[in-house]
Structures are given as structure tokens and as C-alpha cells.
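What follows is a short report on a single structure.
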Amino acid sequence: MPKKLMKGNEAIGEAAIVAGAQAYFCYPITPQTEIAEYLAKRMPEVGGVFVQAESELAASQMIFGAAAAGARVFTTSSSPGISLMGEAMSYITAAELPAVFINIIRCGPGLGGILPSQGDYLQAVKGAGHGDYKLLVLAPSTIQEAVDLTIEAFRLADKYLNPVMLIGDGLIGQMMEPVDFESCVKPPRLDCSAWATTGCAGREPHIVKTLFLDPNVLEERNRRLKAKYERMAREEIRFETYGCDPPPDLLFAAYGTTARVVRTAVDRLREEGASVGLFRPISVFPFPDDALRQVAHQPQVHNVLVVEMSMGQMLEDVQSALQGRRPLHFYGRGGGNVPAPEELIDEAKKLLGNGHGGKK
Amino acid sequence: MQREVTFAGFGGQGIMTAGKLLALAGMAEGKEVCWIPSYGPEMRGGTAYCTVVVADRLIGSPIVNDPENVFAFNRPSLDKFAPRVRTGGLLLINSSLIDVRSPRQDISQVLVPCNDLANQLKNGRSINIVGLGAFVARSGMVSLEAQRSVLHKEFGKKKGDVLTATLEVFEAGVRAAQGDKEAVRG
């Protein structure tokens, strides 16, 4: 199949089909409603289940139920809707079930607006619900990457028996770019015969639950979750560097669409002879702290500039990774405004000083 | 090498479709392409615009604040986007609906009476295709051959002689931009 020009939302929907998703429960919200529209048609075509629930609360609890029954299942929403799903995320994680949540982020807080934002980063990486749990979180910056990571999200959810979240700002949902599904590999079907609630005729019942009143039993589960997250940190780190060899004087850190804007700024600054590079986390939980340190702590790197469509969220992860060993700066836009390359060039020039870092 | 255009008009003029057809032609030429819609709270019939980027390497920022080319299909779009055209760039104006030009001296301006040309061919809905023809012919952002083959592919499956009618208005746009005295003023 040749490349297809697809809107991010539709491409994500098709990627879930390619990944073998069997059930999708949703409640519409801009800017991701085209995913639901697309799947309303596609899921029945592949023998899957499509349900538009009465609310995000209901949709997310349907995910819980379907996951417990061993189905490959997912939902998509946008910021306010994701907040409502936090409870179910906590339960699904507690029950150690695989599921995929996709958040096409709009600006907030509250109902906010429908334009792109990265304001849900902390919610995603810290967990939207209660209790001691994490989601594995991936952040694409192109439509092709959104496709590849959607498929990967299903594989990882199975691998860890833990929900995986994909976060994209509104532009990832709304842009059209060429995508290729040919190289996509469908994750193998999970063997869930030991725990799935598939009807207990002829066998002992399987019980999927999240209530453990015995402190030692629950602590044991807490430890098991912790071990999972430590394994994710060893095995699932993803990132990309651009213009970092040789090490730049000024290192940008950005993810998602913002990283693309930075890339353009980096290209233009380098044409002017400035020494700048980009570190782009792709997995944001686990966060690539070691990799970031390895780049940022080289003696040539004098400043680090974090750029986000928020008032500073990934900034906290970068701060913790750098341990105060490099001056850290921040440039953020909000309200649905996407930073322009020119703004970032101006910010960079302040830090590069009078030609400092440039060839002169 | 990266080239950009913003098509802007009101809802129903086929602005988004024109952009998509252009992006498809870029793809057919093996280029990197990105189509970015205006998405925001709009009422039916409100403003609509999209930006198409065609490049020979990975496209960075999808947001282009100073596009090389702008095609304004209605007056509010001209007012909003003419000031943003990059110096040395190109501004196309749908002169059927816009009776002014931009005061700017540092850009080229081309008048294309999209509605009149489409109406002459009894295809009043296709003003976007007239505009597309004029834009591709004038800017060379993609080749005319690539754009024509995309039109064949996209409209060839439709019933009746939609394809013929579409190609007809496309060529009218092409002729307009290539300096047909009848079609172009200024």
C-alpha cells in the first residue's frame, strides 16, 4: 500500500485497527472526535465493538470491563474527558490489565479551549487517578510516529499488563501528513487464559478486583507495580537528539509538535552559525533522564532551554534529571497558541549572548 | 527547500479540499507534505483556512506565520493574511469577491476572478479548483502534471462527468494565472 495522506485522528484510528483492537468505547470531544467518527465505521468492518457511551466515566469503565474479559481495548479523549477517566485508569492499573488511552490535548484548565496544548503532561506522567500507580506514556511528534506509537502502545500494554497512554497536542490530531501502514506489525494476541473473565464453566472462577484489605497483600501488589515501572525505565526509554554531535552550546528540550518547531529554529540558528541542538523525549514516562544527562552534562553545553505549550510541566522532569548542574531556562505558550520558530530563535539568541556559541 | 501556501476563505468555498489536493500532488512528487487546518471555534459559514507545506526534507514547524504564498478567496482573508506574506512572496486575490488589492509593494499580486471563471463554465461550486489551477500555474509549488494526475485520481471515480468539469475549471485557473488578459487584471 502506498503512503496515504491522513489526518492524525483518522491515522490513529486506523493504527488501532492494524494493532488488532477489538473494542473501542468513547465519548466525543474536540479536537479528537474524528477518531470516534472514523472508528464508528471501521470497528464494525473488522468485527470489533464500537460503543459511544453516555459519558467519559462510562466509557472508561467499559474499558475496564472489556480488559478484564481479555479484549484488546482502548479509548480516546481530550483533556477534560481524560480527567473523568482518571478513576478507571487507577482501577485498571490496580487490576493489572492492558488498555490504551489516547489524549489529544486541548488547552485548559477547566473546559479551557479546543486549540492545541501540552498542559496535561503532568497529569499523564504522574497518573490522573488516585493511588500509587503510573501509566507508560508516549508522545509522538509526527502523524507517522503517532501511528507507530499507537500500535506500540498496545504491545506495551500487554507486555506490562498496565495501561499505556499516548499524548498528542491538538495539532497531532488535526494535521494531515503522509502515513505508511505497510511496515506496521500487529502485536501478537495476549494469552490471558489464566486470568480473563471469559465464563467459568468447567473451571475455577477468575476474579479481577482492586480491593485488598490485607495491608501485606496490598503492599505486595504495590511492590509489584513499582518493579514494573523500574523495568519500564530499563527497557522502554525512547528519545531523539538533533544537532547534538558535536555537543551544542545551547540545548533545547521539547517533545511533540513543539519539538518540530524547535527543529526549525535549530536549523535556522545553525545556518547563522549558532551552536544549538535538540533533545526530544519520546517516552515521557519513563523519562529519558540518563540520556538527557549524557547530552546536557557535556562541558560544551552551557544552557538548557525547555520549550512547551504549557506554563512548565516537562520542565520538572528536566530539572530533576539535570540536578541543577546546568542553567535551566523555560519558554512556554498557552491558551492554544503554538510557539513560532522566530520566538524560539529570539529566546535562544538571548542565551547565546553576543555571538557566544556562534562562529562569529 | 521548503515552500508554503495558506489558502483562506469562508466555509463552503472548498478551501480545505484545495489544500488537500495540493498536498496530494506534493506527495505524488515524492516530497514531504503537511496540511494544517485552521481549527478553532467557528460558526457555519465562518472563516476557514489551511496551510500546506511541501518540502524535500522532514518538515519541522507545521506553523508558518509568514507563508511564501497566500490565496485570499474573500475580503476578511485578504485583510488577515496579506500582511503576513513573506517579502518577495506571492498574493493571489479572488477578484470576483474582493475589489481591492493589498497596499504592499514588496510582494507580487495576482488577481484571479475565481467565481466568474467558475460561473462561466457553469460550475460555480468549483471556485477552489479554479484557484488551485491558478496557484499551481503561478507558483510552481508542485508541477501541473502532478496536480492534474491527482485530480484524475480523486475525481475519476465520481459519477457523471465530474472529472471533465473539474479539469475544465482547473485549466481556466491555469490560463488565468498564465496571463490570459481576459482573466487577469493587474
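All chains are named by letter (A, B, ...) in the order of the sequence lines, taking the proteins before the strands, and each is independently numbered beginning at 1.
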request  = Report, as yes or no, whether the 6.0 Å neighbourhood of atom CG on A:Leu111 holds more than 12 heavy atoms from other residues, nucleotides or ligands.
outcome  = no
Contact summary for B:Trp35 and A:Lys7, nearest pair of heavy atoms = CZ3-CE, 4.5 Å
request  = Show your reasoning for whether side chain to side chain contact (heavy atoms under 4.5 Å, CB included) applies to B:Glu32 and A:Thr142.
outcome  = CA-CA 12 Å; B:Glu32 297 285 343; A:Thr142 65; over 6 Å; no
ask   = To the nearest 0.5 Å, what is the distance between CG (B:Leu24) and CE (A:Met176)?
value = 7.5 Å
ask   = Of A:Lys3, A:Glu177, A:Lys4, which is the lone residue that meets side-chain contact (heavy atoms from CB on, under 4.5 Å) with B:Met27?
value = A:Lys3
query = Counting heavy-atom pairs under 4.5 Å to chain B, which of A:Thr30, A:Thr257, A:Val266, A:Val338 comes out on top?
reply = A:Val338
query = How long is the span from the CD1 atom in B:Ile63 to the CZ atom in A:Arg260, to the nearest 0.5 Å?
reply = 10.0 Å
message = So for B:Ile59, is it side chain, backbone, both, or neither that comes closer than 4.5 Å to the heavy atoms of chain A?
response = both
key: salt bridge (charged side-chain N to carboxylate O under 4.0 Å, His left out) partners for A:Glu37, two or more places apart   = none
ask   = Looking only at heavy atoms, what is the nearest atom pair of B:Ile36 and A:Met175, with distance?
value = CG1-CG, 4.0 Å
request  = Search all heavy atoms of B:Ser61 against all heavy atoms of A:Thr264 and return the closest pair with its distance.
outcome  = N-OG1, 2.7 Å
Part of A:Arg263 lying under 4.5 Å from any heavy atom of chain B = side chain
key: B:Arg125 CZ: over 12 foreign heavy atoms closer than 6.0 Å   = no
message = As an exercise: rank A:Ser141, A:Gly8, A:Gly170, A:Gly113 by heavy-atom pairs under 4.5 Å with chain B and give me the winner.
response = A:Gly170
